[in-house]
Amino acid sequence: MTRTLSADPLGGTVRRTVLPSGLRVLTEAIPTVRSVSFGIWVGVGSRDETGSSAGVSHFLEHLLFKGTNKRGALEISAEIEAVGGETNAFTTKEYTCYYARVLDQDLPLAIDVMCDLVADSVLDPADVETERGVILEEIAMHDDEPGDEVHDLFASAVYGDHPLGRLISGTEETISPMTRRQIQSFYKKRYVAPNIVIAAAGNLDHATVVKLVRQALRGTPLDTPAAEPAPPRAASPAARTRSGRTVVEHKESEQAHVVLGCAGIGRVDERRFALGVLNNVLGGGMSSRLFQEIREQRGLAYSVYSYASQYADSGLFAVYAGCAPGKVEEVLGLVRSELARVAAEGVTESELARGKGMAKGSYVLGLEDTGSRMSRLAKGELLYGDLLSVDQLLARVDAVSADEVNALAADLLARPMSLAVVGPFGDGDFGAAG
């Protein structure tokens, strides 16, 4: 079943086909380019793991590149690189993506290789042991990056032992004993056709892409009986969250890293467009309140910004700053003061206009390459069950009013805040985050 979703003047024609197995194929034809980005998106991530299997999604992502019944690891990489293409993958808390970018003439090769590695990996026991070592090194490397670690520490403070509070990579305690049987069971159970979206953008023909995908999957575990596509992840019940927590990771470092924030809103919440505007006003760029106050006027930090993370049923809103350990209390005081001021007084009309302009520019400028357009197709289908055109997105931002932003600020920024700190401190150095 195929239908045309849109003919975007900023891009090309978007078409969607549902295969009998429930697997979906979406394409955007952009005839003015000579490349194609092709991605296979699986609706499974680290939040779908149990405590003992934490990190299995990421472990599996590594292993799928190690070999199939048709190709070894070297052949997988060499075939794509021989035509100047590139492949990669990433795991998030709610989905996993495998993608390739190639010249348009090499799209048949990319489809065959990527479908092969996702659908028919052998998960060789020797490869499991090799990648176990690689992942343990990756975890150790992450621990040496306090600027990254503090965000994970903050998520843990808010979500506690909920899967959204865990590391995507897992930990040494979960990865070291993980067996091939555990990984294979997760692979067979979760990597099923109704849970997969294939997206491609560039100089392509939709019918040809569908034909090539069906050929590549024929006879593989994804060539399954008729089924309906899986719906987007449910938005309720909401994930459990905690508030007012303070967590400190001691590290003898020259810089302290802090994140102050709270539980936010889910990605299907109608207030998400107002949140984007509010985030831009508070800490979304060099003209934002926090950047101007903390860096430009006082010189207390090199990096300071706010951000929102959104999941199906929940989210986070937080402010990050990296500063000298002796300036942490002053920085946190300024952040708290600014959040309280916006919660009480709202944003100005000029800030509203600037925040909306930043949001619209970000949407459009973020679609300047085939990779971002491919991602847009897949996320719309997998996460929302719908694809808004660029014009529709811009209209939603334009419709955001000062009253909406101020109501959201009054709700969100007045919530009890949690604090995560990485630096040369002890547990008793900070009181309640409040």
Original post:
So, for P194 and A227, which heavy atoms are closest and what is the spacing to 0.1 Å?
Top reply: CG-CB, 3.9 Å
Original post:
Is D313 reaching over with its side chain to a backbone N or O of A239, donor-acceptor style, under 3.5 angstrom?
Top reply: yes
**OP:** Find out whether V258 and V328 are in side-chain contact, i.e. whether some heavy atom of one side chain is under 4.5 Å from a heavy atom of the other.
**Re:** yes
Original post:
Is it the case that Q182 and S53 place a side-chain donor and acceptor less than 3.5 Å from each other?
Top reply: no
Original post:
Where do F38 and C115 come nearest, in terms of heavy atoms and distance?
Top reply: CZ-SG, 4.2 Å
Original post:
Side chains of Y99 and F90: does their closest heavy-atom pair fall under 4.5 Å?
Top reply: yes
**OP:** Could you check V319, L339, V335 and say which one makes a side-chain contact (heavy atoms from CB on, under 4.5 Å) with L282?
**Re:** L339
Original post:
Is R271 paired with D411 through a side-chain N to carboxylate O contact shorter than 4.0 Å?
Top reply: yes
**OP:** Assess the pair F430 and F425: is the distance between their ring centroids shorter than 6.0 Å?
**Re:** yes
Original post:
Going by an N to O cut-off under 4.0 Å, is there a salt bridge joining R233 and D48?
Top reply: yes
Subject >> Trace of the side chain to side chain contact (heavy atoms under 4.5 Å, CB included) decision for M417 with R336 >> reply: CA-CA 9 Å; M417 296 283 165; R336 290 190 181 104; 5.9 Å; no
Subject >> S288 side-chain N/O to G285 backbone N/O, donor-acceptor pair under 3.5 Å >> reply: yes
**OP:** Drop me the distance from H206's NE2 to L204's CG, to the nearest 0.5 angstrom.
**Re:** 9.5 Å
Subject >> Heavy-atom closest contact (A100 atom, T87 atom, distance) >> reply: CB-CG2, 3.8 Å
Original post:
Does D124 have any salt bridge (charged side-chain N to carboxylate O under 4.0 Å, His left out) partners at least two apart in sequence or in another chain, and if so, which?
Top reply: none
**OP:** In plain terms, say whether D161 and R166 are close enough for a salt bridge, that is, a side-chain N and a carboxylate O under 4.0 Å apart.
**Re:** no
Original post:
Do the non-hydrogen side-chain atoms of W41 and M374 ever get within less than 4.5 Å of each other?
Top reply: yes
Subject >> Between NZ on residue K93 and CD on residue E49, distance to nearest 0.5 Å >> reply: 11.0 Å
Original post:
Are more than 12 heavy atoms from other residues, nucleotides or ligands located less than 6.0 Å from atom CD of E254?
Top reply: no
Original post:
Closest approach of G85 and V102, non-hydrogen atoms and distance?
Top reply: CA-CG1, 4.0 Å
**OP:** Could you please spell out the steps behind the side chain to side chain contact (heavy atoms under 4.5 Å, CB included) verdict for L103 and D106?
**Re:** CA-CA 5 Å; L103 298 179; D106 299 313; 3.7 Å; yes
Subject >> Taking every non-hydrogen atom, the tightest pair across L290 and V304 >> reply: O-CG1, 4.0 Å
**OP:** Please indicate whether E228 has more than 12 foreign heavy atoms, meaning atoms of other residues, nucleotides or ligands, lying under 6.0 Å from its CD.
**Re:** no
**OP:** Evaluate the criterion side chain to side chain contact (heavy atoms under 4.5 Å, CB included) for residue pair L278 and V342; output intermediate values, then yes/no.
**Re:** CA-CA 9 Å; L278 176 63; V342 175; 4.0 Å; yes
Original post:
Between H62 and D127, is a side-chain hydrogen bond (donor to acceptor under 3.5 Å, both in side chains) present by the stated rule, with each step listed?
Top reply: CA-CA 10 Å; H62 277 242; D127 292 329; over 6 Å; no
**OP:** Check whether the side chains of D148 and H257 place a donor and an acceptor atom closer than 3.5 Å, and report yes or no.
**Re:** no
Subject >> Residue list, salt bridge (charged side-chain N to carboxylate O under 4.0 Å, His left out) with R289, at least two apart or on another chain >> reply: E338, E351
Subject >> Basic-acidic side-chain contact under 4.0 Å: R101, D369 >> reply: no
**OP:** Determine the interplanar angle of the H162 and Y159 rings, folded into 0 to 90°, and report it as parallel if under 30°, tilted if 30 to 60°, perpendicular if over 60°.
**Re:** tilted
Subject >> Interatomic spacing from CG in L123 to CG in L64 - rounded to 0.5 Å >> reply: 6.5 Å
Original post:
Judged by modelled atom types alone, do D120 and T68 share a side-chain donor-acceptor pair under 3.5 Å?
Top reply: no
Original post:
Y98 vs Y191 aromatic rings, parallel, tilted or perpendicular, using cut-offs 30° and 60°?
Top reply: perpendicular
Subject >> Minimal non-hydrogen separation, L23 against L217, with atom names >> reply: CD1-CD1, 3.8 Å
Original post:
Checking N195 side chain against G43 main chain: does a donor-acceptor pair fall under 3.5 Å?
Top reply: yes
Subject >> Test item: R376 side-chain N/O and L388 main-chain N/O as donor-acceptor pair under 3.5 Å >> reply: yes
Original post:
Any side-chain heavy atom of F273 within less than 4.5 Å of one from E404?
Top reply: no
Original post:
Is a side-chain N or O of S375 found less than 3.5 angstrom from the main chain of G371, in a donor-acceptor match?
Top reply: yes
**OP:** Using a 4.5 Å cut-off on heavy atoms from C-beta on, say whether the side chain of V421 contacts that of V150.
**Re:** no
Original post:
Would a distance-only check, ignoring hydrogens and angles, find a side-chain to backbone donor-acceptor pair under 3.5 Å from N203 to S35?
Top reply: no
**OP:** For salt bridge (charged side-chain N to carboxylate O under 4.0 Å, His left out), just list the numbers for R180 and E129, CA-CA rounded to whole Å, side-chain angles, deciding distance to a tenth of an Å, and then say yes or no.
**Re:** CA-CA 9 Å; R180 177 182 182 272; E129 296 311 311; over 6 Å; no
**OP:** Decide yes or no for V209 and V25: does some side-chain heavy atom of the first lie under 4.5 Å from some side-chain heavy atom of the second?
**Re:** yes
Original post:
Is there a side-chain contact between V390 and Y363 (heavy atoms, below 4.5 Å)?
Top reply: no
Original post:
With a 3.5 Å cut-off and no angle check, do the side chains of T171 and E173 form a donor-acceptor pair?
Top reply: yes
Original post:
In terms of heavy-atom contacts, does OH of Y384 have more than 12 from other residues, nucleotides or ligands at under 6.0 Å?
Top reply: yes
Original post:
Between the side chain of S253 and the main-chain N/O of Q255, is any donor-acceptor distance below 3.5 Å?
Top reply: yes
Original post:
From M286 CE over to E296 CD, what is the distance, rounded to the nearest 0.5 angstrom?
Top reply: 5.5 Å
**OP:** Would you check if the side chain of R47 reaches a backbone N or O of L164 as a donor-acceptor pair within less than 3.5 Å?
**Re:** no
Original post:
What distance separates S156 OG from E149 CD, expressed to the nearest 0.5 Å?
Top reply: 11.0 Å
Original post:
Could you state the interatomic distance from CZ (R16) to CG (L387), rounded to the nearest 0.5 Å?
Top reply: 10.5 Å
Subject >> Close aromatic pair by centroid cut-off 6.0 Å: H151 and Y320 >> reply: yes
Subject >> Verdict with reasoning, E330 to K327, per salt bridge (charged side-chain N to carboxylate O under 4.0 Å, His left out) >> reply: CA-CA 5 Å; E330 185 178 1; K327 297 178 180 178; over 6 Å; no
**OP:** For the pair E94 and R267, evaluate side chain to side chain contact (heavy atoms under 4.5 Å, CB included) and give the outcome as yes or no after the intermediate values.
**Re:** CA-CA 12 Å; E94 295 191 321; R267 65 168 162 262; 2.5 Å; yes
**OP:** State whether the side chain of R132 and the backbone N or O of S176 hold a donor-acceptor pair below 3.5 Å, judged by distance alone.
**Re:** yes
Subject >> E293/R341 ion pair, N-O < 4.0 Å >> reply: no
**OP:** Side-chain contact test, heavy atoms from C-beta onward, threshold under 4.5 Å: evaluate it for F59 versus I175 and give yes or no.
**Re:** yes
Original post:
Among side-chain atoms of R354 and S287, is any donor-acceptor pair under 3.5 angstrom?
Top reply: yes
